[in-house]
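Fair warning: this is a prediction, and the values are worked out from it, not measured in the lab.
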Amino acid sequence: MEPEINNKTATVASYIDGSVRFAQVTAVATGWMLDFMFVSLCRRFKEGKFDEFNEALLTLQAISQTPSLKGDLHDEKTMICAFLARVMHGKQLDVLFEEDDDVMPLMSAAKIWSNLEHTVADESLFTTITILLLVQSVAVCLEKGKLSSASSVLKWLDNNNEFPQKVRVKLSTIVTRRETYHPFLMSFSFSRLLETIQTYLDAYLEKNPSDYLLKAAEMMVQSQNIEGLEDVVTQDSSLSEEANKSTEGRKTKRKLLSTKITDAWKPDTCKKAFVSLRRISKNELSQMTSRKSTDTSKITKTRKPPQKWTSQLDKYLKDGVKHHGQGKWSRILLDYDFEGRTGTMLKDRWRVLMKADKVG
């Protein structure tokens with residue numbers, strides 16, 4: 001006897017094989033995943049969560065390399081993520097994003113930003129962020145006592161005529177006089193840079209919604225919570241009836257699912273180009289120049305393993321806590337070079353200092 005044919009299954013298989021190619025479905029689904037990671041990355045940037053930002057960046061990088069993912073909008077979002085990555089690492093002068101080890105993170109960010117002008121509706125906003133990037137490229141070097149690096153930034157600016165001439169002249173004077181806390185630098189601070197970029201992201205996400213997958217997930221969570229609540233109500237009724245019939249035996253009440261739904265990540269919130277999302281270490285850079293080809297699909301660690309805590313690093317940590325407050329490890333990481341350490345490592349070291357009564 002021949003097995004019965006499931007007409008419904010056959011119809012579905014015919015629909016998938018005939019009407020829509022699996023490659024097309026894959027491309028759409030991958031696009032949704034990239035959008036999800038894009039919004040997630042914008043959220044981490046807004047919150048200043050350094051470690052979570054890097055984790056999301058690696059995931060987005062892997063998705064962006066999918067062959068089926070095509071389209072100018074996806075390329076544009078990938079470019080924006082590359083820009084955000086450089087800004088997040090802006091105060092870490094030893095972190096490389098390009099083969100030229102003289103190009104520090106904020107300098108690289110400025111180069112990418114010039115290619116994102118078409119994504120900014122407000123021309124004044126584009127100009128403001130450009131100036132902030134240039135000013136902070138110099139300011140960060142002066143803060144860390146890297147006068148030679150500040151001079152390198154000025155030389156780099158001289159070779160890039162698209163940047164405002166007045167800003168270059170002003171910065172040159174500041175570097176010559178070594179005025180680390182010049183009012184001009186203070187008015188175009190790093191915190192202002194982050195806030196202004198967030199304003200840009202708000203406007204971009206409003207114009208280019210990337211929340212389809214998020215909304216679908218929110219509906220699913222809401223549905224699950226409602227179903228969980230209904231199950232509990234039904235079970236409570238049956239338990240009451242059983243209790244009236246007999247007081248013997250024990251009944252276990254199903255745990256009520258939380259009815260509190262978190263916000264579906266609504267951050268208050270190009271031109272085609274090939275830009276590395278990830279950081280490049282000096283060791284990796286030397287390998288790149290010695291090889292004819294490099295496997296870009298491999299994601300490698302780009303920071304040196306943390307060494308012993310020094311008195312200088314302890315001072316950075318104390319200054320950071322004094323300025324931002326205890327627990328603001330991600331913000332503190334942006335202000336100083338902790339040689340590859342994470343926010344968790346800063347927290348652990350702070351506990352050690354407190355126990356040793358070396359805080360105060």
Side-chain angles (χ1 to χ4, degrees), residues 34 37-39 41-42 44-46 50 53-54 56-58 60-61 63-65 69 71-123 125-141 152-153 156-164 167-168 188 190 192-205 207-208 210 269-280 285 288 296 302 334:
L34 185 135
M37 294 311 304
F38 176 70
V39 176
L41 202 72
C42 291
R44 299 311 183 200
F45 180 87
K46 175 186 176 181
F50 190 83
F53 179 92
N54 284 332
L57 185 66
L58 292 176
L60 185 140
Q61 180 187 359
I63 295 174
S64 67
Q65 293 173 347
L69 193 62
D72 292 340
L73 187 58
H74 291 148
D75 292 340
E76 184 176 282
K77 290 175 181 177
T78 302
M79 181 75 76
I80 293 173
C81 291
F83 168 70
L84 296 180
R86 285 150 175 77
V87 175
M88 279 293 278
H89 294 83
K91 292 202 171 187
Q92 298 173 321
L93 302 183
D94 60 334
V95 173
L96 302 176
F97 284 94
E98 304 189 21
E99 293 187 17
D100 186 352
D101 58 6
D102 288 329
V103 179
M104 289 166 280
L106 290 180
M107 296 161 65
S108 182
K111 290 172 63 178
I112 294 179
W113 181 245
S114 65
N115 291 323
L116 290 173
E117 184 174 3
H118 66 287
T119 68
V120 190
D122 186 348
E123 185 177 345
L125 180 63
F126 175 79
T127 302
T128 299
I129 292 179
T130 299
I131 294 174
L132 282 164
L133 289 167
L134 301 181
V135 171
Q136 280 303 305
S137 293
V138 171
V140 170
C141 296
S152 296
V153 175
W156 179 75
L157 289 176
D158 288 336
N159 295 326
N160 291 270
N161 297 323
E162 67 268 25
F163 298 137
V167 176
R168 299 206 302 270
F188 291 93
F190 194 81
R192 183 184 172 188
L193 170 63
L194 298 178
E195 292 169 1
T196 310
I197 292 175
Q198 186 58 50
T199 300
Y200 158 71
L201 293 176
D202 292 346
Y204 183 87
L205 286 172
K207 184 179 179 181
N208 303 279
S210 307
T269 143
C270 155
K271 300 174 183 177
K272 287 188 177 181
F274 298 95
V275 181
S276 171
L277 290 177
R278 62 190 176 90
R279 298 166 288 170
I280 306 173
L285 180 60
M288 288 174 62
T296 57
T302 59
L334 292 175

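With a 4.5 Å cut-off on side-chain heavy atoms, Leu201 and Lys46 do not count as touching. Side-chain contact between Asn115 and Phe83: absent, with no pair of heavy atoms (C-beta onward) separated by less than 4.5 Å. Contact check for Glu76 versus Tyr204: side-chain heavy atoms found under the 4.5 Å cut-off. Using a 4.5 Å heavy-atom threshold, the side chains of Met104 and Arg86 count as separate. Side-chain contact between Val87 and Phe45 is present, with heavy atoms from C-beta onward closer than 4.5 Å.
Under a 3.5 Å cut-off, the side chain of Thr119 and the backbone N or O of Leu116 do form a donor-acceptor pair. A donor-acceptor contact shorter than 3.5 Å links the side chain of Thr196 to the backbone of Arg192. No donor-acceptor pair under 3.5 Å is formed between the side chain of Gln136 and the backbone N or O of Leu193.
Contacts of Phe190 classified as ring-ring contact (aromatic ring centres under 6.0 Å, His included), with partners at least two apart in sequence or in another chain: none.
In this structure, His89 has its ring center closer than 6.0 angstrom to the ring center of Phe97.
A distance of 4.5 Å separates SG in Cys81 from CG in Leu41, rounded to the nearest 0.5 Å. To the nearest 0.5 Å, atom CG of residue Leu134 and atom CD1 of residue Ile129 are 12.0 Å apart.
Note: Tyr200 and Trp113 have perpendicular aromatic rings, judged against thresholds of 30 and 60 degrees for the angle between ring planes.
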